[in-house]
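Keep in mind that this is a model prediction, so the values were computed, not measured. What's counted below: heavy atoms across the whole structure, side chains too, no hydrogens, waters or symmetry copies. First the proteins, then the strands, lettered A, B, ... as listed; each starts at 1.
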Protein chains: 2
Amino acid sequence: MAGRTYGQYCGLARAMELVGERWAMLVVRDLLLGPKRFSELRRGLPRIPTNILSARLRDLEQAAIVQRRILPRPAAAVVYELTSYGKDLKPIVLTLGAWGARSLDDPQPNDSVMADALVLALQATFHPEAARGLEATYELHVGPVVLHARIADGTLDAAEGSLPGADLVLDAGRALKALMAGEISPSEALESGMVRITGKPDLLARFGDLFRLAPAPSRRPS
Amino acid sequence: MAGRTYGQYCGLARAMELVGERWAMLVVRDLLLGPKRFSELRRGLPRIPTNILSARLRDLEQAAIVQRRILPRPAAAVVYELTSYGKDLKPIVLTLGAWGARSLDDPQPNDSVMADALVLALQATFHPEAARGLEATYELHVGPVVLHARIADGTLDAAEGSLPGADLVLDAGRALKALMAGEISPSEALESGMVRITGKPDLLARFGDLFRLAPAPSRRPS
DNA sequence: CTGGATCCCTCACGATACTG
DNA sequence: CAGTATCGTGAGGGATCCAG
């Protein structure tokens, strides 16, 4: 006993006991976008063993972070959703995700690109001040994933799926991150063929301002 | 290989690969208050095996989160300090700590109470607006630990150790959290004997406003 | 004394198979 | 579809030992 606790009277230690175990944060991440069923969670976490997913859901439920709910009818299915306490993790998950994204390098061939992660990445890096007075809709293609973003006067609405009639359709392989981190300019991105667009080209220039990621960490200095 | 990665192209997954392993976050926490030597870290993390501490420091160094530095002279000792990328974790660690503190119940007899954790807890819960126009100094006693806080016009300076001449000396067993979460009123805390003070009593009332923690999660509702 | 390295043991995790 | 049962492996825990 006491094997999995840190033995400290400390909020951070407690937090890591609650959501620090492997996969737990990613389960929370997927539930941030709404209630999900067991198999939907599996789909969003392709490498998770089912017994681990079971165990995490049980732990999170016991910690009052997740809540099981029986769908009324006619479904009669079980869904998992975040409690209010669980939803309070949202700013943390977003900020932590933006921090981690900075040291993300190009995806391995085996890496999966999940729509939910990209939707949250947009939310995490969205810069409301850069969107003042702007009304625009984007459709993004990243590998096999399609998502969209509506910007209306400082607010963002992002979700999976396409958006017919979007002002700009952006196919960004994985230069998306480079664009958001300011590592390449929009014109460079276009000329090198790393991104392809259809629609209003000036919206590409604004994209990097709307969704801004801090630069990657450097090896040397403090 | 690839056993410890999540196989997702996702900032959060990357973040958990970097700081999600056991003890890693707590090492970062302790380094947030300044460079520390190996043995100082051990002292702040009483239950960590030394091989794990070694391994974590190596991992964090390789991830450009921590940096080894040789102290000039006359010490010639090794210290570990956060890089700029590591310091960027501070708001995350503080917020996550405040979140976790909400589900902290009374400390187990074996739990250690670390000064660093309390200092960061003060920083995490500090409410600058509540400190407008206030100039005050506190000395806090929590179990065997003594720390202090200086408040001057909206800013907080907290550190370990006593502060002779503090405006209010507060000995709060562990009713400290209840006070910060608004679970008990200052007068209740005094009358029940859960906290003892010497100094200006009205500063006790302000304490709960200066350092405010959200209420504990409830079991039932969403 | 600091800053680790080494050994062994245990348990949580991971892969797979199986069940209501 | 929604998990549980089984079992092997490797990371974590704890003690001890060693070099500068």
| Gap between atoms CD and P, on A/Glu21 and D/dA11 respectively (whole Å) | 16 Å
| field | Nearest-Å distance for atom pair CZ/C1', residues A/Phe38 and C/dG20 | value | 14 Å
| message | I need the NZ-P distance between B/Lys36 and C/dG3, as an integer number of Å. | response | 13 Å
| query | Taking OP1 and OP2 of D/dA15, is either one under 4.0 Å from a side-chain nitrogen or oxygen of B/Arg47? | reply | no
| task | Considering just the side-chain nitrogens and oxygens of A/Tyr80, establish if one lies under 4.0 Å of OP1 or OP2 belonging to D/dG3. | result | yes
| Which of the following nucleotides, D/dA2, C/dG14, C/dG3, is nearest to the side chain of B/Ala77? | C/dG3
| field | Validation row: B/Met114, B/Leu45 side chains within 4.5 angstrom (heavy atoms) | value | no
| task | Could you check how far CD1 of B/Ile52 sits from P of D/dA11, rounded to whole Å? | result | 10 Å
| A/Arg43 CZ - D/dG3 P separation (whole Å) | 14 Å
| message | For A/Ile92, is there any backbone N or O sitting under 3.5 Å from a side-chain donor or acceptor partner on B/Thr95? | response | no
| request: Establish, with yes or no, whether the OP1 or OP2 oxygen of D/dA2 is under 4.0 angstrom from a side-chain nitrogen or oxygen of A/Arg58. | output: no
| request: Going by the side chain to side chain donor-acceptor pair (under 3.5 Å) test, name the single residue among A/Arg37, A/Arg68, A/Lys36 that passes it with A/Tyr80. | output: A/Arg68
| task | Taking only the side-chain heavy atoms of A/Arg4 (C-beta and beyond), determine which of D/dG12, C/dA12, C/dA17 contains the nearest atom. | result | C/dA12
| query | B/Trp99 side chain to A/Tyr85 main-chain N or O, any donor-acceptor pair under 3.5 Å? | reply | yes
| request: Kindly say if A/Ser54 contacts the phosphate of D/dG3, meaning a side-chain N or O under 4.0 Å from OP1 or OP2. | output: no
| query | Salt bridge check: are A/Arg43 and A/Glu40 linked by an N-O gap of less than 4.0 Å? | reply | no
| task | With DNA chain D as reference, determine whether B/Arg56 or B/Arg42 sits nearer its 5' end, using the nearest nucleotide of each. | result | B/Arg56
| field | Between C/dG4 (P) and B/Leu57 (CG): distance, integer Å | value | 8 Å
| field | Candidates D/dC1, C/dT6, C/dG4 - which lies nearest the side chain of B/Asn51 | value | C/dT6
| task | Respond yes when some side-chain nitrogen or oxygen of A/Arg37 is under 4.0 Å from OP1 or OP2 of D/dA2, and no when none is. | result | yes
| remark: Among C/dG4, C/dC13, C/dG3, the one nearest any side-chain atom of B/Arg68 is C/dG4
| Separation of D/dG3 P from A/Asp59 CG (nearest whole Å) | 14 Å
| task | Indicate, with a heavy-atom threshold strictly under 4.0 Å, whether B/Thr50 touches base, sugar-phosphate, or nothing. | result | base
| d(CD1, A/Ile70; C1', D/dA2) in whole Å | 12 Å
